[in-house]
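Order of appearance sets the numbers: ligands from 1, and atoms from 1 within every ligand.
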Amino acid sequence: MSDTTISTLRERVRGAVITPADDGYEQARRVHNGMIDRRPRAVVRCVDVTDVRTVVDAARHSGHDLAVRGGGHSVPGFGTGDHALVVDLSAMNGVRVDPRRRTARVEGGCTWGAVDHATHGFGLATTGGVVSTTGVGGLTLGGGIGHLARGCGLSCDNLLSADVVTADGELLTASNDEHPDLFWALRGGGGNFGVVTSLKFRLHPVETIYGGPILYPLDHAGQVLEFFDDFIADAPEELGAFFMFQIAPPLPFIPEDRHAETMCGIVTCWAGPVEKGEPALAPLLEDAGPVVAHHVGPMPYPALNSAFDGLYPEGLQHYWKANFVRELTPAAVEAHLRHGPLVPSVHSTMHIYPIDGAVHHIPADATAFAHRDARYATVIAGMWPDPDDNEANTRWVRDYYEAVAPHSEEGGYINFMAGDDQGRIRANYGANFDRLTAVKATYDPHNLFHLNQNIAASTS
Ligand code: FAD
């Protein structure tokens, strides 16, 4: 890119234009996954829609790659790129709550922590991820699985409208009434269709939840997993819970002599009337298996949603794999019991997220998120601090994935998938894939937005 383009950007945008020659470049080029080491031509900290349009136009005219960064948590590092222009939305982080209509208008660079904080003040919440540092943009556009999904649906199911800067630099509002094809594609299709500068969400009366983590000994993992599977099948939709393998971190609620021991666990979140939480969770504390430690009780929803942030600091090495699962067969459980206990780092984990309940109330073709028939989304999330351990940790994820894949659907949740999973895109969307390629042809025929789990435009 010529220096003229950079100087034009500097003249036209109000946010900072950070190039290799500028202070702060080393920080600005980084994303959450420390394994990603790319050198963009410029990172532009957009402050408004005009800034975003200017960068989109510059990328289109100059022919350089365009990366869009919300919270920067994409494991394959889609929020940056070598020689790319980066639309960094982190400064666009305002939230406006309308308590009467129970909606929130959220700017495209917000994290879930900002949304939780703003909505909790009104006793309201919507489905976000299970940590507070992830970006609302990337998480919602891919689907959005979290504590409230069984009761309130995916994050994308709560999206009411979105402002989008498309590849030609136009600003469109997408909703059920305006550009409904684009609105359909945004709800699960990822960052393929434009830069979403603002998202309007439906909120739910969720304030104090009853929940927290429960840890069980590893030698009871089979019993706990089977109990969890049966329990979730009949559990009220207000109950969120996911199963995990986890090395016990040094937290006060875990006996000191059990720190660093590999365990299994269930993280719970009862979002119904708080007084009904204790009986709702009793079977998991009394019947699922002998409890080593738990931290279950009433707490503000944002407290649960940020409770695990410390396990996932910026800069860890990441490699993840994912699947959708219709049924946890005995063979699948056996594969989990073989590989889960080998989890190599306190940061790494394997989660089994139920995506039934409210997620199943929406027809599979109503949004781009297609796997409404799956009961679970599983993720094998490898995270570790030292690059010298990359080979061993990546191997754990790959071996685990190879073992469970035959007992899973062909596709997986795009936000949990690796950069080497581009070959699985069609399977991720099933019957919705062809419609997605047609929407792509309408709004981004030349694939300007290609640094993502990419859906190429149909040519017909
Ligand atoms: P970014 O890296 O900024 O962006 C990811 C992708 O989305 C890119 O392709 C980007 O171009 C696009 N994008 C982002 N914002 C916009 C925007 N405003 N407009 C257009 N495109 C945009 N997922 C869950 O569903 N539930 C979880 O509980 C969960 N927990 C996680 C915990 C950790 C520690 C991490 C690392 C990830 C987690 N994820 C979870 C996965 C998460 O959904 C994805 O990593 C998601 O891509 C993060 O969005 P982001 O905006 O932070 O990422």
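- Between H361 and D157, the side chains place no donor N or O within less than 3.5 Å of an acceptor N or O (distance only, hydrogens not considered).
- Ligand 1 has a nitrogen or oxygen under 3.5 angstrom from a nitrogen or oxygen of L451.
- At under 3.5 Å, a nitrogen or oxygen of V130, whether backbone or side chain, sits near a nitrogen or oxygen of ligand 1.
- Side-chain atoms of S198 and R105 include a donor-acceptor pair closer than 3.5 Å.
- Any N or O atom pair closer than 3.5 Å counts here, and S74 shares at least one such pair with ligand 1.
- Among N33, N415, T134, D163, the residue whose heavy atom lies nearest to atom 30 (N) of ligand 1 is T134.
- Close approach to N452 involves these atoms of ligand 1, each under 4.0 Å from a residue heavy atom: 9 (O).
- Here the protein heavy atom with the shortest distance to atom 53 (O) of ligand 1 is H73 N, 3.2 Å.
- Judged by distance alone, the side chains of D57 and T54 never bring a donor and an acceptor atom under 3.5 Å apart.
- Judged by distance alone, the side chains of S175 and D177 never bring a donor and an acceptor atom under 3.5 Å apart.
- Heavy-atom proximity to atom 22 (C) of ligand 1, evaluated over L141, N454, T140, is greatest for L141.
- Side-chain contact check for N390 and W384: at least one donor-acceptor pair (N or O, by modelled atom type) lies under 3.5 Å.
- Side chains of H336 and Y400: a donor on one and an acceptor on the other come within 3.5 Å.
- The protein non-hydrogen atom at the shortest distance from atom 34 (C) of ligand 1 is Y312 CB, 3.8 Å.
- Here atom 10 (C) of ligand 1 lies nearest to V68 when heavy atoms of T127, L66, V68 are compared.
- In terms of protein heavy-atom proximity, atom 3 (O) of ligand 1 is closest to G70 N, 2.6 Å.
- Among the atoms of V131, none of the N or O lies under 3.5 angstrom from an N or O of ligand 1.
- Looking at T111, V75, I145, it is I145 that brings a heavy atom closest to atom 27 (C) of ligand 1.
- With K321 as the partner, the side chain to side chain contact (heavy atoms under 4.5 Å, CB included) test is satisfied by one option alone out of T378, V397, V404: V397.
- Under the 30°/60° scheme for interplanar angles, the aromatic rings of Y443 and H179 are found to stand perpendicular.
- Atoms of ligand 1 lying under 4.0 Å from any heavy atom of V195, numbered from 1 in the order shown and given with element: 19 (N), 20 (C).
- For E237 and H360, the side-chain atoms include no donor-acceptor pair closer than 3.5 Å.
- Within the listing of ligand 1, atoms 8 (C), 9 (O) sit less than 4.0 angstrom from a heavy atom of F78.
- A donor and an acceptor atom, one from each side chain of R326 and Y376, are nowhere located under 3.5 Å apart.
- Residue F416 places no N or O, backbone or side chain, under 3.5 Å from any N or O of ligand 1.
- With 3.5 Å as the limit, one finds a donor-acceptor pair spanning the side chains of D163 and T173.
- Within the structure, the closest approach of G144 to ligand 1 falls below 4.0 Å when heavy atoms are considered.
- Set against the non-hydrogen atoms of G191, the atoms of ligand 1 under 4.0 Å away are 21 (N).
- Checked by atom type, the side-chain pair D168/T166 shows a donor-acceptor distance below 3.5 Å.
- The shortest N or O to N or O distance between H318 and ligand 1 is not below 3.5 Å.
- Taking atom 52 (O) of ligand 1 as the reference point, the nearest protein heavy-atom neighbour is G135 N, 2.9 Å.
- Screening L160, T140, V115 for a side chain to side chain contact (heavy atoms under 4.5 Å, CB included) with F201, the sole residue that qualifies is T140.
- Shortest contact from atom 35 (C) of ligand 1 to any protein heavy atom: W320 CH2, 3.4 Å.
- Screening T268, T127, I209, V130 for a side chain to side chain contact (heavy atoms under 4.5 Å, CB included) with H147, the sole residue that qualifies is V130.
- With a 4.0 Å heavy-atom cut-off, ligand 1 is reached by no atom of F449.
- Residue contacts with ligand 1, taken as heavy atom pairs separated by less than 4.0 Å, do not involve F193 at all.
- In terms of polar-atom proximity, V196 is counted as a contact of ligand 1, with an N or O under 3.5 Å from an N or O of the ligand.
- Given atom 24 (C) of ligand 1, the protein heavy atom at minimum distance is L139 CD1, 3.4 Å.
- A 4.5 Å side-chain heavy-atom check between D444 and N192 finds every atom pair outside the cut-off.
- Within the structure, ligand 1 has G194 among the residues with a heavy atom less than 4.0 angstrom away.
- Counting only heavy atoms of the protein, atom 7 (O) of ligand 1 lies nearest to G138 CA, 3.4 Å.
- Expressed to the nearest 0.5 Å, how far OH of Y401 lies from CG of N323 amounts to 5.0 Å.
- Donor-acceptor pairing under 3.5 Å is recorded for the side chains of H351 and T349.
- For ligand 1 and R69, the ligand atoms under 4.0 Å from any heavy atom of the residue are 3 (O).
- Distances between N or O atoms of L89 and those of ligand 1 include no value under 3.5 Å.
- Side-chain atoms of R372 and T367 include a donor-acceptor pair closer than 3.5 Å.
- Interface atoms of ligand 1 facing G129, defined by a heavy-atom separation under 4.0 Å, are 26 (N), 27 (C), 28 (O).
- Atoms of ligand 1 lying under 4.0 Å from any heavy atom of G137, numbered from 1 in the order shown and given with element: 14 (C), 15 (N).
- Remark: the S132 side chain and the N305 side chain contain no N/O donor-acceptor pair separated by less than 3.5 Å.
- Of the protein's non-hydrogen atoms, the one nearest atom 1 (P) of ligand 1 is G72 N, 3.4 Å.
- At a 3.5 angstrom cut-off on N or O pairs, G71 counts as close to ligand 1.
- Residue contacts with ligand 1: Y413 is placed with a nitrogen or oxygen under 3.5 Å of a nitrogen or oxygen of the ligand (distance criterion only).
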